[in-house]
Amino acid sequence: MRVTFNANGRPVEADDVWEGESLLFMLRERLGLPGSKNACEQGECGSCTVYLDGAPVCSCLVAAGQVQDREVRTVEGLADDESGLDPVQQAFIDAGAVQCGFCTPGLLVQTHDLLEREPQPSDSDIREALSGNLCRCTGYEKIMDAVRLASARKCSDASEVSQ
Amino acid sequence: MLPASLDEAVTALAASPAAVPVAGGTDLMGAVNAGLLRPMALIGLGRINELRGWQYQDGTAQLGAGLTHARMGRPDFAALMPALAEAARSAGPPQVRNAGTLGGNIVTADPAGDTLPVLAALEATVTLVGPEGGREVPVSHLLTGLDPMRGGELLGYVRVPLLHAPQVFLKATGRTGPSRAAASVALVLDPARRAVRCAVGAVAPVPLRPLEAEQWVSGCIDWDGDRAIDPAAAAAFGEYVAAACVPEPPQADPEGLEGGPAAAAVRLRRTVSVLARRALGRALK
């Protein structure tokens with residue numbers, strides 16, 4: 001089966017895709033986008049989180065064929081060449097929220113989505129939004145700091161623009 | 001295969017009966033990834049727009065099987081079907097709720113499926129569509145296997161009565177944050193029939209309805225007044241529900257086996273009893 005879709009703004013195509021193959025496998029093994037990580041393959045850990053038509057999903061639980069003609073945005077698509085890292089990525093670095101880094105791509109996509117929907121989330125909003133992303137290194141405190149930092153920077157940027 | 005309508009999907013399934021229909025994929029792909037299932041072909045239902053929304057139809061809501069948990073959790077949905085919305089919100093982390101569907105939850109029929117006790121308490125029905133047309137089946141008949149899905153059929157819609165009265169869904173889990181229910185209770189009031197309907201999820205292969213406890217507690221409520229109930233009656237209701245849905249614990253665990261089957265059964269009974277009491281209390285508040 002051939003699958004064509006849009007990945008990070010570019011049309012892509014994968015050939016000889018098996019019916020039961022996951023979007024995650026297709027991204028990592030066929031399309032050279034290994035940013036999304038493969039861990040539990042059961043939707044428990046969130047390390048494979050990507051945007052599918054604008055909603056974050058676990059790419060390990062999306063059948064590859066379902067992605068035909070749809071839009072996927074992975075962690076590789078958060079930064080852009082002109083402005084560099086996304087504010088969420090910069091905040092994770094600055095807050096020390098990255099240790100081994102395996103869970104980070106999923107957390108970045110999920111945090112990106114949270115701040116798009118809710119620029120000033122409460123702590124419980126953050127915990128709810130990240131409840132499907134497991135991190136075994138940080139104990140989550142630095143991650144909470146990173147999300148708060150990204151939120152604060154995004155809001156101050158927005159207010160500078162409006163002034 | 002990515003059919004664009006329910007009819008097309010039924011035709012596609014008739015043409016290749018071995019193909020597996022997939023909606024959100026959150027259960028199906030988990031099984032594929034674990035090596036439990038090797039589908040020869042999939043029929044993707046994600047493109048069928050008619051199944052992704054919901055509408056009113058003479059006093060009931062007709063819910064498309066492709067409604068995601070995320071959609072069911074939104075305020076407009078919660079205003080009409082609060083217990084279903086609450087079950088959808090607690091069904092998993094956001095990534096899973098964005099993909100997993102109502103129809104998938106029913107067809108997978110996991111014992112801990114969160115929407116199932118709510119649908120049982122609401123006495124919802126499902127529309128199954130096959131090559132010979134559609135038929136309507138109570139969700140409880142489908143889940144218990146009294147009237148199972150036939151070959152070539154797809155789940156199209158779920159019909160839920162709009163009761164315009166308090167509805168509660170409560171769930172006990174092993175950790176904070178989204179996880180599998182150890183036990184769940186859905187409780188709805190039906191003031192027009194002066195009835196309380198309750199279903200207990202995750203303690204048996206299918207949701208269980210404690211019919212005698214429902215009937216008894218309906219008689220304890222002051223339906224014409226402020227719907228108050230004696231706290232002692234609410235506590236007794238909890239124990240009645242737990243006794244009906246969780247088998248009698250064995251006398252005692254064998255010597256030296258702490259936390260064995262007897263202790264687990266006692267704990268589960270207590271959990272269900274507390275959930276049922278609280279659910280009733282919140283519905284009558």
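Keep in mind that what you see is a predicted model, and the values were worked out from it rather than measured. Note on naming: letters A, B, ... go to the chains in the order of the sequence lines (proteins, then strands), and numbering restarts at 1 for each one.
When atom types are taken as modelled, the side chain of B:Q95 and the backbone of A:C58 share no donor-acceptor pair closer than 3.5 angstrom. The backbone N or O of A:L61 lies less than 3.5 Å from no partner atom in the side chain of B:N33, so there is not a single donor-acceptor pair. In this structure a side-chain-to-backbone donor-acceptor pair under 3.5 Å is missing from B:N98 to A:A55.
Looking at A:V57, the atoms closer than 4.5 Å to chain B (heavy atoms on both sides) sit in the backbone and in the side chain alike. Proximity to chain A is absent for every atom of B:R180, based on heavy atoms less than 4.5 angstrom apart. There is no contact between A:C40 and chain B, counting heavy-atom distances below 4.5 Å. With a 4.5 Å cut-off on non-hydrogen atoms, B:L28 does not touch chain A at all. For chain A, the nearby parts of B:A34 are the backbone and the side chain; heavy atoms of each come within less than 4.5 Å. Interface remark: B:V22 contributes backbone and side-chain atoms alike to the contact with chain A (heavy atom separation under 4.5 Å). For chain B, the nearby part of A:R70 is the side chain; its heavy atoms alone come within less than 4.5 Å. Heavy atoms of B:L2 lying under 4.5 Å from chain A belong exclusively to its side chain. For B:A19, no part lies under 4.5 angstrom from a heavy atom of chain A. Looking at A:T49, the atoms closer than 4.5 Å to chain B (heavy atoms on both sides) all sit in the side chain, from C-beta outward.
Around the NZ atom of A:K142, the shell of radius 6.0 Å holds no more than 12 heavy atoms that belong to other residues, nucleotides or ligands. Heavy atoms of other residues, nucleotides or ligands lying less than 6.0 angstrom from CZ of A:R30 number more than 12. The number of heavy atoms from other shown groups lying within 6.0 Å of CZ (A:R117) is above 12. Within a 6.0 Å sphere centred on CZ of A:R10, heavy atoms belonging to other residues, nucleotides or ligands number 12 at most. Heavy atoms from other residues, nucleotides or ligands lying under 6.0 Å from CZ of A:R153 number more than 12. Atom CD of A:Q120 sits in a sparse spot, with 12 or fewer heavy atoms from other residues, nucleotides or ligands closer than 6.0 Å. No more than 12 heavy-atom neighbours from other residues, nucleotides or ligands sit within 6.0 angstrom of CZ on B:R52.
Ranked by heavy-atom pairs under 4.5 Å with chain A, the list B:L45, B:V96, B:L42 is led by B:L42. Per-residue counts of heavy-atom pairs under 4.5 Å with chain A were compared for B:G46, B:A70, B:A41; the largest is that of B:A41. Of the listed residues (B:P39, B:G177, B:A99), the greatest number of heavy-atom pairs within a distance under 4.5 Å of chain A belongs to B:P39.
The heavy-atom pair separating B:P93 from A:G43 by the smallest distance is CG-O, 4.3 Å.
Between the CG atom in B:D27 and the CD atom in A:Q42 there is a gap of 9.5 Å [rounded to 0.5 Å].
A salt bridge links B:R97 with A:E128; the closest basic N to acidic carboxylate O contact falls under 4.0 Å.
Between A:P56 and B:P94 the shortest side-chain heavy-atom distance does not fall below 4.5 Å.
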task: Report the C-alpha separation of A:Q68 and B:R47 in whole Å, then their side-chain angles, then the decisive distance to 0.1 Å, and conclude whether the side-chain contact (heavy atoms from CB on, under 4.5 Å) test is met.
output: CA-CA 10 Å; A:Q68 179 69 36; B:R47 253 5 108 76; 4.2 Å; yes
